[in-house]
Structures are given as structure tokens and as C-alpha cells.
A.B. asks: 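Just dropping this structure here.
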Amino acid sequence: MNTTNPTVTTRVYPAFQAHDPQALLGFLVEALGFMENVAYRQGEEIAHAQLDWPGGGGIMFGSYKPDNPWCREPGTAGIYLVADDLDDVHARATRAGADIVRTTEDTDYGSREFTVRDPEGNLWSIGTYAGEPHKG
């Protein structure tokens with residue numbers, strides 16, 4: 001938390017790599033509704049992409065580079081997205097042919113959610129649970 005400059009907003013961006021970042025980018029925009037903010041390309045590779053989630057926050061990713069110290073094996077991430085329009089996101093994912101691995105269900109913690117697998121194998125759980133209010 002930034003206590004010296006209250007105008008600075010802290011954000012969290014899950015970051016990962018992809019074997020086929022262009023296919024991942026297309027899937028996330030088409031099937032889930034992310035908005036492409038930037039994608040810096042180097043030939044067929046994506047050096048860095050930032051996709052923004054309509055409700056706030058976003059993700060960053062790029063091409064898989066096993067010799068990079070930031071290297072993470074593609075397809076091993078699990079990410080939760082908050083969506084007020086859950087049924088719309090589900091319908092969009094279904095229309096796009098997403099691999100829905102868990103259908104929409106109500107949870108015991110008050111959320112409605114479903115899960116899809118992206119072309120890299122990452123799991124995306126989309127739900128209405130926005131977390132608990134900050135205590136402090």
C-alpha cells in the first residue's frame with residue numbers, strides 16, 4: 001500500500017508465458033472479453049502483451065522463452081476473474097467454443113462461477129465473488 005502518495009494506484013497483473021501467444025491473445029479477447037491494451041510483436045513472437053479486464057485489472061504475457069530467468073511453463077496458471085455479467089461471459093465463451101471444464105454453479109461462499117481452459121491449458125475461473133472487504 002502506498003502511504004506516501006495517495007494518488008498512486010497499485011495493481012496486480014498475473015504474468016505468464018505461452019507457446020502460442022497469438023492464439024492465447026485471440027482466445028482471451030474473443031472467448032472471455034479481455035481488451036487488448038498492447039502487444040509488442042517481434043516477428044511471430046509476442047515480446048509482451050497486456051490485456052485489460054473490463055471490470056478492472058488485467059494480465060500480461062509473452063512468448064515462451066525457456067532461457068529467460070522469468071520463464072514459467074505455459075499452461076500451469078490458474079486465474080480468477082470477477083464478472084458482474086457472468087451469464088454474458090459464459091455465453092461468449094460458449095459461442096467461441098471454449099473448453100468449459102466446470103459449468104456455472106452456485107458456491108457455498110455466495111458466488112456463481114464457471115471455469116474454462118485456454119488453448120495453453122491454463123484454467124480461468126470466472127465468478128461473481130469479488131473478495132472480502134479490506135480489513136485495515
Side-chain angles (χ1 to χ4, degrees):
M1 176 183 252
N2 187 330
T3 57
T4 60
N5 186 350
T7 62
V8 174
T9 302
T10 302
R11 294 183 178 90
V12 176
Y13 288 92
F16 44 96
Q17 295 181 340
H19 289 292
D20 187 344
Q22 189 60 48
L24 180 60
L25 188 150
F27 171 83
L28 294 172
V29 169
E30 181 183 341
L32 296 184
F34 275 92
M35 298 172 293
E36 181 179 333
N37 184 315
V38 68
Y40 298 110
R41 292 173 172 81
Q42 296 173 338
E44 295 295 312
E45 293 186 355
I46 293 180
H48 169 78
Q50 177 184 327
L51 303 183
D52 298 331
W53 185 240
I59 59 167
M60 296 180 184
F61 64 91
S63 296
Y64 178 60
K65 296 188 184 233
D67 57 342
N68 183 318
W70 179 249
C71 178
R72 297 295 177 263
E73 184 63 37
T76 60
I79 301 168
Y80 184 81
L81 302 172
V82 178
D84 293 329
D85 57 347
L86 185 73
D87 294 328
D88 292 342
V89 177
H90 186 276
R92 179 185 194 121
T94 301
R95 281 192 310 274
D99 177 15
I100 298 178
V101 298
R102 183 176 55 126
T103 60
T104 303
E105 63 184 27
D106 295 325
T107 69
D108 57 357
Y109 48 89
S111 182
R112 288 187 64 238
E113 52 195 45
F114 70 98
T115 304
V116 300
R117 183 182 334 270
D118 71 26
E120 295 284 326
N122 300 302
L123 295 177
W124 299 82
S125 183
I126 301 96
T128 59
Y129 178 69
E132 296 300 316
H134 179 69
K135 296 175 180 150

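Position 1 is the first residue of the sequence; numbering continues from there.
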A.B. asks: Rounded at 0.5 Å granularity, tell me how far CD in Q17 sits from CE in M60.
C.D. replies: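 Output value for this atom pair is 14.0 Å.
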A.B. asks: Hydrophobic clusters here meaning ILVMFWY residues chained together by side-chain heavy-atom distances under 4.5 Å, can you tell me if I100 and V89 are in one?
C.D. replies: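 Yes; V89 is reachable from I100 via cluster members.
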A.B. asks: Determine whether a donor-acceptor pair (N or O, by modelled atom type, separation under 3.5 Å) exists between the side chain of N37 and the backbone of L51.
C.D. replies: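 No, the answer is negative, given that no donor and acceptor are paired below the 3.5 Å cut-off.
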A.B. asks: Between the side chain of S63 and the main-chain N/O of I46, is any donor-acceptor distance below 3.5 Å?
C.D. replies: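 Yes; judged by distance alone, with no hydrogens or angles, the pair exists.
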A.B. asks: Checking side-chain polar atoms at under 3.5 Å, does D20 have a donor or acceptor matched by the opposite partner on Q22?
C.D. replies: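 The answer is no; no qualifying pair exists.
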A.B. asks: Quick one: do W53 and F114 end up in the same hydrophobic cluster if we chain Ile, Leu, Val, Met, Phe, Trp and Tyr together by side-chain heavy atoms under 4.5 Å apart?
C.D. replies: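 They do share one cluster, since a chain of ILVMFWY contacts under 4.5 Å joins W53 to F114.
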A.B. asks: Quick check for you: to the nearest 0.5 Å, what is the distance between L24 atom CG and I59 atom CD1?
C.D. replies: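 Nearest 0.5 Å value for the CG-CD1 distance: 6.5 Å.
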A.B. asks: According to the interplanar angle, ranging from 0 to 90°, do the rings of F34 and W124 count as parallel (below 30°), tilted (30 to 60°) or perpendicular (above 60°)?
C.D. replies: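 Geometry flag for W124 against F34: perpendicular rings.
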A.B. asks: Would you say that more than 12 heavy atoms from the other residues, nucleotides or ligands in this model lie under 6.0 Å from the OH of Y13, or not?
C.D. replies: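 Atom OH in Y13 is crowded, with more than 12 foreign heavy atoms closer than 6.0 Å.
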A.B. asks: Taking T128 for its side chain and R112 for its backbone only, find out whether a donor-acceptor pair lies under 3.5 Å.
C.D. replies: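 Looks like yes, one N/O pair under 3.5 Å.
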A.B. asks: If I take atom CG from residue L25 and atom CG from residue D118, how far apart are they, to the nearest 0.5 angstrom?
C.D. replies: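 Answer rounded to 0.5 Å: 11.5 Å.
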A.B. asks: Quick check on the hydrophobic clustering: are Y80 and I126 connected, directly or via other members, by side-chain heavy-atom contacts under 4.5 Å?
C.D. replies: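 They do not share one cluster, since no chain of ILVMFWY contacts under 4.5 Å joins Y80 to I126.
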